[in-house]
Asks: 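Mind looking over this structure? Questions follow.
Worth saying up front: this structure is predicted, and the values here are computed from it rather than measured.
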Amino acid sequence: MIISGKDLSAQLKAELAQQVVAFPQKYGRVPHLVVVLVGEDPASQTYVRGKAKASQVVGIKNTTIARPSSISQEDLLALIAELNADEGVDGILVQLPLPAHIDESKVIESIAKEKDVDGFHPANVAALWMKQPCTVPCTPLGIIRLLEHAGVEIKGKRAVVVGRSQIVGLPVAKLLLDRHATVTVCHSRTENLPEVTRQAEILVVAIGRSRFVTGDMVSPGTVVIDVGINRDEVTGKLCGDVDFESVAPKASCITPVPGGVGPMTIACLMENTISCFLRKVQK
Ligand code: GUN
């Protein structure tokens, strides 16, 4: 079975749009998301356009602020300080990666934690790991939503996460643990990786390498979540971190690329923006 993130994200966005449509009367305005894009990375430009389009569908106000890759860290921090102070801004997202001369951690830490729709601020990361109310990072949240929608039982299952990034691997491992999976996190230096991935009943792959996980690394009946968004060097088409052709016949369910996790990330960003807005206006 193919788990369609495209369909589920459309459904989620439609539900969110219904909620947002009542906001002007209830709260006098709609949520406002500001996306900051530094430089001209084509992948980042595509993601930022996707976020603007989804905002339109949901009825959220979206402002995209583009700055050249030559922007100084000081100027970027000053821009964020302005957005933090702006009462009319509910969510701030700085598209990553940033140019090498800018300290990514400094930038993330400078975003007001109440406006951190990515859930990357240290205060949100700490809250997640301490099971306190927080903004959950969009991609991990989208993965859980996909699993729940597909009727996958998480409790008691062996989950293997390939990749240990702050954005996906670590937080999704925590969310799976919180739902009582037995979780193994592995990475590029794990010895006998295929042996580990074959233990998985739920396999989440976020390692950032084209078709890294192949059929021989997956046991029959596994639920496979492919977080990768890579460009095939030969065809120029998008491909995942999972070799769909060899893995799909063995999987019980699998997410495609494109149309799997990607659209769910954006739908969850809309959800996080609305949550930040509501926390603010309902205070
Ligand atoms: N770059 C890749 N994924 C993400 C994400 O989830 N948020 C931000 N801000 N940048 C990204």
Asks: Looking only at heavy atoms, which two atoms of Thr64 and Ala52 are closest? And how far apart?
Replies: OG1-CB, 4.5 Å
Asks: Quick check: closest heavy atoms across Ser9 and Met264, and the distance to 0.1 Å?
Replies: N-SD, 3.6 Å
Asks: So for atom NZ, which belongs to Lys61, do other residues, nucleotides or ligands contribute more than 12 heavy atoms lying within a distance under 6.0 Å?
Replies: no
Asks: Are any non-hydrogen side-chain atoms of Phe244 and Ile254 less than 4.5 angstrom apart?
Replies: yes
Asks: So does Gln166 have more than 12 non-hydrogen atoms from other groups sitting under 6.0 Å from CD?
Replies: no
Asks: Do Arg211 and Asp232 meet the salt-bridge criterion of a basic N to acidic O distance under 4.0 Å?
Replies: yes
Asks: Would a distance-only check, ignoring hydrogens and angles, find a side-chain to backbone donor-acceptor pair under 3.5 Å from His32 to Phe277?
Replies: no
Asks: Does any part of the side chain of Leu76, heavy atoms only, come nearer than 4.5 Å to the side chain of Ile102, both counted from C-beta?
Replies: yes
Asks: Does the Lys113 side chain pair with the main chain of Ala123, one donor and one acceptor, at a distance under 3.5 Å?
Replies: no
Asks: Would you say Tyr47 and Leu37 make side-chain contact, with heavy atoms under 4.5 Å?
Replies: no
Asks: Kindly check if the number of other-residue, nucleotide or ligand heavy atoms within 6.0 Å of CD (Gln56) is above 12?
Replies: no
Asks: Considering non-hydrogen atoms only, spot the tightest contact between Ile274 and Pro31 and give its length.
Replies: CG1-CG, 4.3 Å
Asks: Judged by atom type as modelled, is there a donor-acceptor pair below 3.5 Å linking the side chain of Ser44 to the main-chain atoms of Glu40?
Replies: no
Asks: Looking at Gly208, is its backbone amide N or carbonyl O close enough to the side chain of Asp241 to form a donor-acceptor pair, meaning the two atoms are under 3.5 Å apart?
Replies: yes
Asks: Quick one: are Lys280 and Asp90 in side-chain contact, heavy atoms under 4.5 Å?
Replies: yes
Asks: Answer yes or no: does atom CD of Gln18 have more than 12 heavy-atom neighbours from other residues, nucleotides or ligands under 6.0 Å?
Replies: no
Asks: Are any non-hydrogen side-chain atoms of Asn84 and Asp86 less than 4.5 angstrom apart?
Replies: no
Asks: Are more than 12 heavy atoms, taken from residues, nucleotides or ligands other than Arg179, located less than 6.0 Å from that residue's CZ atom?
Replies: yes
Asks: Do the side-chain N and O atoms of Thr135 and Arg279 include a donor-acceptor pair separated by under 3.5 angstrom?
Replies: yes
Asks: Around Gln282, counting heavy atoms of other residues, nucleotides and ligands shown, do more than 12 lie under 6.0 Å from its CD?
Replies: yes
Asks: With Val213, which of Asp226, Leu193, Ile207, Val218 fulfils side chain to side chain contact (heavy atoms under 4.5 Å, CB included)?
Replies: Val218
Asks: Please find the pair of heavy atoms, one from Gly163 and one from Val185, that lie closest to each other, and give the distance.
Replies: O-CG1, 3.7 Å
Asks: Can you give me the closest heavy-atom contact between Gln199 and Glu195, atom names plus distance?
Replies: CG-O, 3.3 Å
Asks: Flag yes if more than 12 heavy atoms outside Gln132 fall under 6.0 Å of its CD atom; otherwise flag no.
Replies: yes
Asks: Go through the steps to decide whether Ile108 and Val94 satisfy the test side chain to side chain contact (heavy atoms under 4.5 Å, CB included), and finish with yes or no.
Replies: CA-CA 8 Å; Ile108 290 168; Val94 178; over 6 Å; no
Asks: What heavy-atom pair brings Leu177 and Val183 nearest, and what distance separates the two atoms?
Replies: N-CG2, 3.8 Å
Asks: Would you say that His149 contacts Arg145 through its side chain, given a criterion of any heavy-atom pair below 4.5 Å between the two side chains?
Replies: no
Asks: State, with a plain yes or no, whether a side-chain heavy atom of Pro137 is found less than 4.5 Å away from one of Thr139.
Replies: no
Asks: Test your reading of the model: is there a side-chain donor-acceptor pair from Arg164 to the backbone of Gly169, 3.5 Å cut-off?
Replies: no
Asks: Give a yes or no on whether Val204 and Leu175 share a hydrophobic cluster (residues Ile, Leu, Val, Met, Phe, Trp, Tyr; joining criterion: side-chain heavy atoms under 4.5 Å apart).
Replies: yes
Asks: Are Val30 and Pro24 packed together at the side-chain level, in the sense that at least one heavy-atom pair is separated by less than 4.5 angstrom?
Replies: yes
